[in-house]
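The chains referred to below are lettered A, B, ... by the order of the sequence lines, with proteins before strands, and numbering in each begins at 1. Keep in mind that this is a model prediction, so the values were computed, not measured. What you see below is based on every heavy atom in this structure, not just the backbone, and it leaves out hydrogens, waters and symmetry mates.
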2 protein chains.
Amino acid sequence: MTSAAALRDISPINVHVPLGDRAYHILVGRGLIETAGSRIAALGARAAAIVTDEHVGPLYADALAQALTAQGLRVSVVTLPPGEATKSYANLEKVCDAVLSAKIERGDLVVALGGGVIGDLAGFAAAVVRRGVRFVQVPTSLLSQVDSSVGGKTGINSRHGKNLVGAFHQPSLVIADTALLDTLPLREMRAGYAEVAKYGLIDDARFFAWCEANWQSIFAGGPERDEAVAQSCRAKADVVVRDEHETGDRALLNLGHTFGHALEKITAYDSARLVHGEGVAIGLSLAFRFSAFLGLAPATDAERVERHLKAAGLPTRLGDVPGGCGTVDQLLDAMAQDKKVKGGALTFILARAIGQSFIAPGIDPDKVRAFLGREIDALHP
Amino acid sequence: MTSAAALRDISPINVHVPLGDRAYHILVGRGLIETAGSRIAALGARAAAIVTDEHVGPLYADALAQALTAQGLRVSVVTLPPGEATKSYANLEKVCDAVLSAKIERGDLVVALGGGVIGDLAGFAAAVVRRGVRFVQVPTSLLSQVDSSVGGKTGINSRHGKNLVGAFHQPSLVIADTALLDTLPLREMRAGYAEVAKYGLIDDARFFAWCEANWQSIFAGGPERDEAVAQSCRAKADVVVRDEHETGDRALLNLGHTFGHALEKITAYDSARLVHGEGVAIGLSLAFRFSAFLGLAPATDAERVERHLKAAGLPTRLGDVPGGCGTVDQLLDAMAQDKKVKGGALTFILARAIGQSFIAPGIDPDKVRAFLGREIDALHP
C-alpha cells in the first residue's frame with residue numbers, strides 16, 4: 001500500500017510557465033531534493049556549477065553534487081556567505097569567475113541552491129557568463145519558492161537600491177522541495193508567507209480567504225503548504241507570462257513593495273532589523289491603509305489584511321520597525337529612486353478591495369506625505 | 001550650390017538592422033557628430049548618460065552634451081581611462097553607479113561615445129541597469145564602427161578571457177561619423193581595417209577585391225571610406241539578423257578570431273604588443289594558411305589574403321607578434337577556454353576560398369598542433 005505522502009513524493013505538483021522557447025516547469029513537493037539530481041541531469045548538460053551559501057550548502061550541496069556526478073555531470077560548488085549583502089558586485093565577479101573556472105558552456109548549467117539571495121545572484125551570473133548559460137533554481141526558503149525563483153528576475157544590489165542591476169533570465173527548471181521549509185527559522189517562514197498572502201490580495205480574494213483558514217497548516221507543513229506554494233507560483237507565472245519584462249501588469253506583483261523597499265533601504269538592508277518579507281508585510285498593510293486613506297478601499301479590508309498578517313506573526317505598522325522607520329521625508333526620499341517623483345506624480349499599487357489591486361499612476365506626493373505623517377503621528381499618541 | 005560633401009552630410013548612408021521590436025538604424029557619414037544631439041534626442045528620452053574615455057571625451061563629449069541639453073535632455077558624462085583594461089568588473093560597477101546616479105530610467109539613454117571598449121562596457125551597463133535601459137552607440141574608431149557597435153554583443157573581460165561576461169543588448173541607434181577617423185592613429189586605423197577585409201573574406205569575394213582596389217582611399221578618407229563602413233555594417237547586420245544569439249551562423253564572424261584571441265591572451269591584452277585588430281589580421285592570415293594546410297583552400301588564396309593585409313600595414317604571421325607568440329602548447333591552451341578541446345575536436349572557421357568561409361567543427365587538435373609547429377619552425381629557419 002502506498003501512503004498519500006509517498007504519492008505526493010512521486011508526483012510533485014507541476015506548474016508550467018508557458019514562455020515560448022523559454023518555457024519551464026516548477027515542481028513543488030515534499031522530498032523533491034532527493035530526486036533533484038536526476039531531474040536536473042535530464043536537462044542534458046555535461047556540467048553543473050552549484051552556487052549555494054554557508055547555511056544551505058553544508059546540508060544539501062554534497063548530496064546534490066553526488067547525485068549529479070552519478071548522472072555523469074562534471075560538478076563544482078561555490079559557497080557564499082548568507083545574507084542580503086551577498087548580492088554585491090564583488091560576489092557577482094566571484095560567482096562568474098567560479099562558473100568560468102568550472103568551464104560551464106552555453107549548454108551547461110548553473111544550479112542555484114539556496115534562498116532568494118543565492119537565486120538572484122546565481123541567476124544573474126548565469127545570465128551574463130558567456131552572455132547566457134542555462135540555470136536551475138532549487139529554492140530552499142519559502143520566500144524564494146513562492147517569489148524570486150519564478151519569473152526570471154535576477155540581479156544584485158547597488159548603493160542606490162536593491163536589485164537595480166540585473167537581467168531577465170528565465171530558469172530552465174525550478175525544484176521547490178517544501179520539506180526543506182521544516183527547518184526554516186520561523187522568522188523566515190513568516191517573511192515568505194507575506195508574499196503568499198500577497199497573491200491573494202492582488203487578484204484572488206478566494207485564495208486570501210483560504211490562506212486565512214489554512215495558514216497554520218502551511219506553517220506546520222501539511223499538504224496545504226504544497227498547495228500554497230504551487231498556487232503562489234501559478235499566480236506569479238500568470239502575471240509573468242502576460243508581461244515578462246515588466247512594461248505593464250507585472251508591476252502588480254509590487255503590491256506592498258513600494259513602502260517595503262523604502263523601509264528596507266532606511267534600515268540599510270540590515271536583516272537584524274528587517275528582512276524583505278517583513279518589509280512587504282508592513283507594505284501590504286500600508287498599501288491597504290493608504291487605499292482606505294484615499295477613499296478607494298473599505299477601511300474594513302485594510303483591517304482584515306492587518307489582522308491576518310499579525311496573526312501570522314508579521315509586522316504591519318511603521319512602528320514595528322526595530323530602531324525606527326525614519327521621518328516622512330526619509331521615507332519619501334527612499335521611494336524616489338524606484339519611483340518617479342520628479343515632475344510630481346508617483347506610481348503606487350493600490351487596491352479597491354482584497355483581491356482587487358491596480359496600478360495607480362499619478363498619485364500626488366502630498367497625499368503620500370499626509371498619509372505617512374498620520375501613520376507616524378499615530379506612533380506617538 | 002551644394003557640394004557633394006555637404007550632400008553626404010545631409011543624407012548619411014542608412015543601414016537598417018531588422019530585428020523586430022529591437023530593430024535599429026546605423027547611420028554612416030562624414031560630420032554626423034554635429035547632428036548627433038538632435039538625432040539622439042529624436043528617440044524621445046528625458047535623460048542621457050554619456051560614457052566616454054579620456055581620449056575621446058575631451059574632443060567630443062562637451063559638444064554632444066550641449067546639443068542634447070539644448071534638446072531638453074538631462075545629461076551627465078562619465079569618463080574612463082582608455083584601453084582594453086577598462087573592460088573590467090570594477091568599471092562595470094563604476095558605470096552602472098554613474099548611470100543610476102544620473103537617474104536613468106527605462107525610457108532613457110546611455111550613450112557610448114568612444115571605441116569598442118567604451119561601446120562594450122557602456123552597452124553592458126545599459127543591459128543590466130534596471131535590467132535594461134536603451135543605449136546609443138557613437139563609435140569613434142574604425143574597429144567599433146564596422147564591428148563592435150553593430151549586433152548587440154556587450155561585455156567585459158574576465159581573467160579567463162575576453163568578453164566572457166556580458167549580454168546581448170541591441171542599441172537603439174548607431175551613429176558612425178567617418179570624419180572622426182581622420183585623427184585616428186594609423187595603427188588603430190589599420191587594426192580596424194582587418195575587420196573590414198574580414199567581411200569580404202567571409203562570404204563576399206567581390207567586396208574583398210573592391211577592398212584590394214580601394215583600401216588607400218578608405219584610409220585617406222575618400223567616399224570609399226563611408227561605403228566600406230556601411231558595407232561592413234550591412235554584412236554584419238545580415239549575419240546578426242539570421243542568428244542574433246550566436247547559436248549558428250553568427251560564428252562566421254569569428255573568422256580569424258580563434259587564433260587572434262589566443263594571441264591577445266598570450267600577449268596579456270597588452271596593446272603595446274598587440275591590439276585586437278592586429279590579432280585578427282594574423283588570425284585571418286592563419287585561418288587561410290591553415291585551410292590551405294588542410295588541403296581545403298588554394299595556397300594562392302592564402303597568399304593573396306596575406307599580401308593584402310601586409311599592404312595595408314598589418315601583421316600576418318606569428319613572428320610578427322612583438323615579444324613572441326609563445327609555444328604551440330601555450331597557443332593551444334589559450335584557444336582551449338573559448339573552444340571545445342576536451343574530448344577531442346575543436347571548432348574553427350575555415351575557408352574553401354576567399355569569400356567562402358564555413359564553420360568547421362571536428363578539427364583534430366593534432367592537425368592544429370602540426371600546423372602551428374610548422375608556422376613556429378618557419379620563424380627560426
Engineer: Of all heavy-atom pairs between N163(B) and R131(A), which one has the smallest distance, and what is that distance?
Structural biologist: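 Answer, listing the atom of N163(B) first, then R131(A): CB-NH2, 3.7 Å.
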
Engineer: Heavy atoms under 4.5 Å from chain A: which residues of residues 122-129 of chain B carry them?
Structural biologist: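 So the qualifying residues are F124(B), A127(B), V128(B), V129(B).
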
Engineer: Determine the minimum heavy-atom distance between D97(A) and R159(B), stating which atoms define it.
Structural biologist: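 Residues D97(A) and R159(B), closest heavy atoms: OD2-NE, 3.3 Å.
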
Engineer: Could you look at H169(B) and say if it's the side chain, the backbone, both or neither that has a heavy atom under 4.5 Å from chain A?
Structural biologist: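 Looking at H169(B), nothing touches chain A.
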
Engineer: If you count heavy-atom pairs under 4.5 Å between each of C96(A), S158(A), G132(A) and chain B, which one has the most?
Structural biologist: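 Sorted descending by pairs with chain B, the first entry is C96(A).
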
